[in-house]
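To keep things clear, I will list the structure first and then write my remarks on it.
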Amino acid sequence: MTPNLWEQFRRHFQEAGGQPYATSATKAVDMLQTIIAGANGKQLLFEASAISEFSLHPEAWLPESSFSITPAPTPKGWDRKRRLERLLTVDMVVSTADFLIAETGSALVILQKHPGQWHLWLPPGIILLAAPHQLVDSLPTAFHRLAQQSSLLQQGYVLLTGPSKTADIEKRLVMGMHGPRMVYVLLIEDAPSPGG
Amino acid sequence: MWKISTHTRGLKRRIRAYLRAGRYRENIYRATTHALAQRRRAVAEIPHWEALREQAHQIKREVIDNLEYHLERFLHHARQQGITAVVAQTAAAANAEVEAIARRHGVQTVVKSKSMVTEEIGLNPYLQQRGFDIVETDLGEFIIQLAEERPVHLVGPALHKSRQEIGHLFHQQLGTPYTDDPTLLARIARRALREKFLAADMGITGANFGIVDSGRVVVIENEGNARLCMTLPRIHVVIMGMERFIPSETDLPLFLTLLCRSATGQRLTAYVSVTGGPLPSPFPEGPEQVYYIIVDNGRTRLLRDPWLKQALYCIRCAACYNACPVYQTVGGYPYGWVYQGPIGAVITPEFLGPRMAGGLPFLSTLCGACTDVCPVKIPLHRLLVYQRHRMLQRGSGAWWEKKFFSFFEKLASHPHRWNKTLQILGTLQRHAGIPRWLPGWSPSRKLPRVHPQNFFQWWKRHQSSEPS
Ligand code: SF4
């Protein structure tokens, strides 16, 4: 990892109201627990890919009633209303970022890699896990690398730069207008890069 | 519904009224100068900012020069993704299209994010009159909708309103206890709007860019309401002006950099969504149907004019609003329509005609601050002069003004007459103090003094005194 890139990302993400952390794979769960406790997160939702990619095993450190996993193993019987009601009870989501862009302090999320997507926009808190190989210097580099994954872009992608916010009342900044109020990025410094 | 009130004859009256609106002017001035300072800071981080502006100008020029080609390709790529994409020639056609979609899908509640083109076509009153519940979800627009007013600025629709006014408005309209705390006010709005989001069958958004080579659209925002409008309801309708294209996704970093830094002074807004077609099952957390309505409504008229077509390069950042001393002083309302500030003064006469909006190009000091800040290098002050010329040719302007300038032309084009006039004026000024007063000038400034020597006399003397 280039420490400078992380430093730049960290500063810019923080300036946008986001909360960046870096840790090692062995301490990832401890760090997650600290973040979740600090944000008073009671009901958690994990993306299955985040669990497998970063070996999180929530069942080992969380009571069964306090977390769920998305997508559920059998999406049969999917019901829009039930799904929304369920999501409105979630305090924090643990997901992954596909790129971190140092120039702007943004996390890029490719929607096809996150089956279902409402969980990214509705709950008040979101933690995005990332590996060092996902850090890029600038927007052009991110878009260049994105173009190499064109088969995954059918559903689009979103750049997230800090929490949802508004300054529509007398230019006073208020976080969490419609989307998450707390947005964390947790970089796992020694996460392996693909093929390496 | 707010009425179009751009009529040139009412313009001065409106300006006078807003010049007297102390609190309104204070809020506008504070907001615009704040936005300018933020922009300045964000732009200073990019050493090659000028090169980026030039690049964007060239890209937009190519797109607008070949608009038909780009439009066709965009439609083709969008349809390939299962999106229903149509072009609406007029505002009426665009509104009717939205209504037809809503009826086809049995829609009752519509949530909407900020979009200038929907203001332009008058979509909200159109749908309301036909029994639909249409709700603005951007906080500023929500405030404006509750107050039954119209946006005063492209980026900050309610920036003229104080938090006390908003507190009273929420108290009266939503029945919540009075508060003037912006955080609590935002929370009240969030709660009220969440219910609407969950009940809505259709979400309407604008588009900041349409990407020709992928058929996707880009929506830039801070609140996350557009993201919810495009993913929670069953139907997503995108309404965009037909000038909104950029050729390729690889052009996006350039335009995102220019737009976000110019509009709000952010490196990037909180959400930049690049959307595709309807989502395939089995996780249908997104719209089942996506529609694009691409609005002409007079844009091809602008396209035919070699000068005015440059106005179609606009990416609606509002930096020219903030930089304009006229806008800073009177805000958006005197312009009387959707598009305000320098770009509004250029394009509104084309949309509404010279009788309705012929006075707008004169709402400028021609200082050129707008041109300096425009991220796509639209020569706004030149376009304003061009529009003034066209408006005068079409017969707008006061009779006495025409008489005065034809008299002035006669004097100024004849050196002898001109020098004589200056001599007489100078003598009157020095010995009799005439004129003492000029309307619109002398109350706030000193009258300039006619110099006893004219330029030629000065030049002759200067040359003869120069050492050889
Ligand atoms: S004319 Fe230029 S400065 Fe004004 S809103 Fe459009 S892009 Fe921005």
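Every value quoted in this text rests on a predicted model; they were computed, and no experiment measured them. Below, read A as the first sequence line, B as the second, and so on, with proteins coming before strands; counting in each chain starts at 1.
Remark: the backbone N or O of B:L232 is paired with a side-chain donor or acceptor of A:R80 at under 3.5 angstrom. A:H178 places no side-chain N or O within donor-acceptor distance of the main-chain N or O of B:L139, the cut-off being under 3.5 Å.
Going from atom CG of B:N27 over to atom CD of A:E170 covers 6.0 Å, rounded to the nearest 0.5 Å. Taking CG from A:L84 and CD from B:E285, the interatomic distance works out to 8.0 Å, rounded to the nearest 0.5 Å. For the atom pair CD (B:Q80) and CD (A:Q154), the distance works out to 11.0 Å, reported to the nearest 0.5 Å. Taking CE from A:M177 and CG from B:L193, the interatomic distance works out to 6.0 Å, rounded to the nearest 0.5 Å. One finds the CZ atom of B:R267 at 11.5 Å from the CG atom of A:L139 (value rounded to the nearest 0.5 Å).
For the residue pair B:E223/A:S164, the side-chain donor-acceptor check at 3.5 Å is not satisfied.
Contact annotation for B:R187: neither backbone nor side-chain heavy atoms come within less than 4.5 Å of a heavy atom of chain A. Both the backbone and the side chain of B:L198 come within less than 4.5 Å of a heavy atom of chain A. Both the backbone and the side chain of A:P180 come within contact range of chain B, each with at least one heavy atom under 4.5 Å from a heavy atom of that chain. For chain A, no part of B:L254 is nearby; none of its heavy atoms comes within less than 4.5 Å.
By a heavy-atom distance cut of under 4.5 Å, A:H12, A:E15 are the residues of residues 9-37 of chain A near chain B, going up by number.
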Under 3.5 Å, sequence neighbours excluded: what are the donor-acceptor pairs made by side chains of residues 34-43 of chain B?
from: B:Q38; atom 1: OE1; to: B:R41; atom 2: NH2; distance (Å): 2.5

Under 3.5 Å donor-acceptor pairs involving side-chain atoms of residues 268-275 of chain B, not counting sequence neighbours:
from: B:T269; atom 1: OG1; to: B:E221; atom 2: O; distance (Å): 3.4
from: B:T269; atom 1: OG1; to: B:Y271; atom 2: O; distance (Å): 3.2
from: B:S273; atom 1: OG; to: B:R227; atom 2: NH1; distance (Å): 3.1

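Under the ring pair (Phe, Tyr, Trp, His ring centres under 6.0 Å) criterion, B:H168 pairs with B:Y178, sequence neighbours left out.
Among B:I166, B:D181, B:L159, B:T183, the one residue that satisfies the side-chain contact (heavy atoms from CB on, under 4.5 Å) test with A:I169 is B:I166.
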